[in-house]
Amino acid sequence: VMNMDEEKRHESEHPDTFCATWLHPNGIQTVPVSTSPIQTNGSHLSYGKGRARSNGENSSKHCCFEWRGYRNASQVLSPFGYSKRFVDGFMAEISGVDCSGKEEDYQLTTASVRGATFARPEAYCPCWDTNQAPSETSDASSKEVELRKYSRLIRQERLKLHHRQLLPRAIQSSLFKDPLRPLRPGKRQPSVQLLNASGSNAVRLFTPPFNCGPLSGPLTIACVAIATEDGCFLSGLKSRCEFGHLYPQREEENLIDMSPICIAIDGVTKKQDQHSKKNTGRNEDEDDSSEDTSKDEKRAYSGDSSFACDCSFNSKGELEDADAEGEEQKPPDYLYKGKRGPGEWYCYVAIIDGPCSTIRINGADESVSHFRNEAFETEELALLDGLTIGSDSSFDMPLCFGEGAIGEGDGAISELVVFQGRLHQNDIKALETHLMEKHGITATQGTRQFLQQEDEWRRSSRALIEQAAPFEMVTSGIPLRSVANDYTVAWDRTSKVTGEKINVARIGSRMSTGSSDW
């Protein structure tokens, strides 16, 4: 009876439940990006001739320049058991409502998906698609006019450098995603790995600010992703509404960067909540003349870095004062922490609904602990103004770590879904079933305790190896298999992200693929 009353309360308070964004694997748009060394000559960039290769590695990577999402009503509703014929027939009877979503208008939202229908790498807005400098308008500033003096070839070379620095890798997920049966094949799907082409830096993606205005809780978020260490799957553009393996609570978690999955939000005041409800959309004809004239400063072009334009996609704005350089970010107002750490491909679901917030992994509820920052008096309500994918909004906790060891900090995301409102429990299960079947992930219902114990042993093994003298860590016992499978001592390794073989250096060998010389 209490569950029924709870569901009625949610339905009465939040009757308008809709899809805000649904980024799917087939929407990942790719471009080949060269990873060969760039030769520089003064202020001009030269990529030289020939196909320079290093250590026999491929000189190019496929990278994602845009991630497109669903727009059609049948695409959004089919995972919940509705046939395409039924949905199309029903929508045809509704006059004046466009739920179909034509392919050429993929950047425009529809009545079916109201928040955002695509995401772009940071500082790589759609203006770059025209092969021109961003914001080349008739009333361009002097700095933009100066940029036009560069030849088209130079702009193309600048764009190539932009590709190398900013675009995340496009990969295929591992075929083996079942931790209980590691050799059981699943399904591979296109995924976005939040590392640039060379692997030297972590990168992130942004959606435009939600066209429907900021979402206020409750929210239902689902993603198919993997993290190999602490990192954030997604957050707001400027608001803190984070989901990922974050905020270690124990000394052991601080040591190994393998925190359990969690939701972190900053509460809102009543004034902020009222403001978010008023911003139900953006008026395209709105006069922007009152905006701060300092935008010309942001368009500055200097040296090897390209300037940022002022299109609506890049209207993320300045970071909050708390995120200024040299200042520590304050702890979240509310933290909901599960038990499972990173290291496997999971189907994550976060239901953000104040004290009723919960986390699910592979179809099973996590045991969630609630923490509150008593220093701030705010309402326990999430606020999501858009999506930062692969990091928190201040880029303090990226999903990937550039220039790390092979297999470290190589997180990836394959699918991402955000709904305004708390979905019915049956709809959540239907969504999980659809995503797990699509990505070849096995449900953990009935094996949750076993998998949590294995996960705890794996993280304890990592902590035992990483601890420093005087080696004070004490455990109740860890199976040898858990310690032997740690990546620092394992002789046979495969990438959890892609399933590819990782060469392990042999003891005494001069070559990583050879046997011992002694």
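- Note: His434 and Phe80 fail the aromatic proximity criterion, with ring centroids not under 6.0 Å apart.
- Counting heavy atoms from C-beta outward, Asp427 and His424 have side chains that approach closer than 4.5 Å.
- With no hydrogens or angles considered, a side-chain donor-acceptor pair links Thr442 and Asp178 at under 3.5 Å.
- Taking the six-membered ring where tryptophan is involved, the planes of Phe233 and Tyr348 are tilted, since the angle between them lies from 30° to 60°.
- Side-chain atoms of Glu242 and Tyr247 form a donor-acceptor pair, as typed in the model, at a separation below 3.5 Å.
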request  = Apply salt bridge (charged side-chain N to carboxylate O under 4.0 Å, His left out) to the pair Glu366 and Arg360, showing each step before the final yes or no.
outcome  = CA-CA 5 Å; Glu366 284 281 286; Arg360 293 171 61 86; over 6 Å; no
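- For the 3.5 Å distance criterion, the side chains of Ser200 and Asn196 qualify, holding a donor opposite an acceptor.
- Taking each heavy atom of Ser259 and His245 in turn, the nearest pair found is O-ND1, 2.8 Å.
- Here Arg459 does not pair with Asp257 in a salt bridge; the nearest charged N to carboxylate O distance is not below 4.0 Å.
- Counting only distance, with no hydrogens or angles, the side chain of Arg188 and the backbone of Gly499 share no donor-acceptor pair below 3.5 Å.
- Note that Arg120 lies outside the cation-pi zone of Phe206, set by a 6.0 Å cut-off to the ring centre and a 45° limit from the axis.
- Ion pairing between Lys177 and Glu344 fails under the 4.0 Å rule for side-chain N and carboxylate O.
- Between Tyr334 and His370, the ring centre distance reaches or exceeds 6.0 Å.
- Each of Tyr70, Phe118, Trp67 was compared with Trp22 under the ring pair (Phe, Tyr, Trp, His ring centres under 6.0 Å) criterion, and only Tyr70 meets it.
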